[in-house]
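So the structure is just underneath, and the comments pick up after that.
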Amino acid sequence: KLITAMQYQPVTANGSGNEQYVATADFELGKVRTMFLEKRNKWVFDVRGAKDFTTKRKQYLKEGPAKMIELGEHKNYVRIVLTLRDGAKGKPVVAVDGNTLTIRWEA
C-alpha cells in the first residue's frame, strides 16, 4: 500500500487562483486526519492504511503556499507534512476521491 506521488498543481480554471497539492496512492484511501501546528507553521495529514512511499522524504518547492513537503512512514499510516511559506494563511480544503488526496487552498 504505497503513496506513489505527491505534487503541487496550480489551478487557474475560471481565473480562480486556487492552489493544490495532490497525493496519489495505489489503494483506496480511507480516513485522513488533519492538524495544524501553529508555532511551526505546518499542516500535518495522516493517511491511514498506507505503509510505504516511493517519493523522497523531503521535497523543496519553488511555488505555492508550501515551501517543503515531507513524507514520513509510521505504523499503519504515512504522515504528509506541508511547511508553509511566510505569509501563507488559511485552512486548506481536504478531499479524498478513491486513491487521490487533494489538499487545496482557495483564493
Side-chain angles (χ1 to χ4, degrees):
K1 294 186 174 186
L2 305 173
I3 298 290
T4 56
M6 180 74 186
Q7 62 189 7
Y8 167 72
Q9 295 178 342
V11 180
T12 56
N14 302 325
S16 64
N18 294 342
E19 298 177 291
Q20 68 185 18
Y21 297 88
V22 178
T24 54
D26 65 354
F27 67 99
E28 186 95 10
L29 293 173
K31 187 174 179 179
V32 176
R33 192 178 77 178
T34 304
M35 56 187 148
F36 181 62
L37 306 177
E38 191 171 344
K39 289 185 179 180
R40 296 182 185 210
N41 205 23
K42 293 183 179 189
W43 279 98
V44 178
F45 305 92
D46 292 338
V47 181
R48 295 275 174 218
K51 300 209 190 308
D52 200 359
F53 50 86
T54 57
T55 57
K56 296 178 184 176
R57 288 185 68 86
K58 285 187 181 181
Q59 180 180 6
Y60 295 91
L61 304 170
K62 294 180 181 178
E63 298 181 300
K67 60 183 175 184
M68 182 173 56
I69 298 173
E70 295 175 76
L71 295 177
E73 185 178 2
H74 300 272
K75 186 176 182 180
N76 295 324
Y77 69 94
V78 166
R79 176 166 282 173
I80 299 170
V81 180
L82 297 178
T83 303
L84 298 183
R85 297 182 195 284
D86 294 336
K89 299 215 185 293
K91 182 176 182 177
V93 176
V94 178
V96 176
D97 183 21
N99 64 344
T100 304
L101 167 67
T102 303
I103 305 165
R104 177 180 298 128
W105 271 267
E106 297 181 351

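Below, each value reflects all heavy atoms present in this structure, side chains not excepted, and no hydrogens, waters or symmetry copies.
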Checklist entry - Can you tell if the side chain of Gln7 reaches within under 4.5 Å of the side chain of Tyr21, non-hydrogen atoms only? => result no
Next on the checklist: Applying side chain to side chain contact (heavy atoms under 4.5 Å, CB included) to Tyr60 and Thr83, what does each step give before you reach the verdict?
Outcome noted: CA-CA 10 Å; Tyr60 295 91; Thr83 303; over 6 Å; no
Checklist outcome for this item: Tightest non-hydrogen contact, residues Pro65 and Glu19, listed as CD-OE1, 3.4 Å
Checklist entry - In terms of hydrophobic clustering (I, L, V, M, F, W, Y; side-chain heavy atoms under 4.5 Å; direct or indirect links), are Val81 and Trp43 co-clustered? => result no
Checklist entry - Donor-acceptor pair, Asn99 side chain versus Thr24 backbone, under 3.5 Å? => result no
Item to check | Any residue meeting side chain to side chain donor-acceptor pair (under 3.5 Å) with Asn41, in chain and number order, not counting sequence neighbours | outcome: none
Next on the checklist: Under 3.5 Å, is there a donor on one side chain and an acceptor on the other for Tyr8 and Glu63?
Outcome noted: no
Next on the checklist: Please list all pairs meeting side chain to side chain donor-acceptor pair (under 3.5 Å) that have one or both residues in residues 28-37, counting only residues at least two apart or in different chains.
Outcome noted: Arg33-Asp46
Item to check | Glu70 side, atom CD; Gln59 side, atom CD - distance, nearest 0.5 Å | outcome: 11.5 Å
Item to check | side chain to side chain contact (heavy atoms under 4.5 Å, CB included) evaluation trace for Leu61 with Ile69 | outcome: CA-CA 8 Å; Leu61 304 170; Ile69 298 173; 3.7 Å; yes
Checklist entry - Side-chain heavy atoms under 4.5 angstrom apart, residues restricted to Ile, Leu, Val, Met, Phe, Trp, Tyr: same cluster for Phe36 and Leu82? => result yes
Checklist entry - Any donor-acceptor pair under 3.5 Å linking the side chain of Arg104 with the backbone of Asn18? => result no
Next on the checklist: Test of understanding: clusters of I, L, V, M, F, W, Y form through side-chain heavy atoms closer than 4.5 Å, transitively. Do Phe27 and Leu71 belong to the same one?
Outcome noted: yes
Item to check | Arg40 atom CZ: more than 12 heavy-atom contacts under 6.0 Å | outcome: no
Next on the checklist: Are the side chains of Leu29 and Val47 in contact, using a 4.5 Å heavy-atom criterion?
Outcome noted: yes
Checklist entry - Should Lys58 and Met68 be marked as a side chain to side chain contact (heavy atoms under 4.5 Å, CB included) after you check the CA-CA gap, both sets of side-chain angles, and the distance that decides it? => result CA-CA 7 Å; Lys58 285 187 181 181; Met68 182 173 56; 3.9 Å; yes
Checklist entry - How far apart are the C-alpha atoms of Val44 and Leu37, what are their side-chain angles, what is the distance that settles it, and do they pass the side chain to side chain contact (heavy atoms under 4.5 Å, CB included) test? => result CA-CA 8 Å; Val44 178; Leu37 306 177; 3.9 Å; yes
Next on the checklist: Just so I know, are the side chains of Thr102 and Val94 near enough to count as touching, which here means a heavy-atom distance under 4.5 Å?
Outcome noted: no
Item to check | Heavy-atom check, side chain of Met6 versus side chain of Ile80, under 4.5 Å | outcome: yes
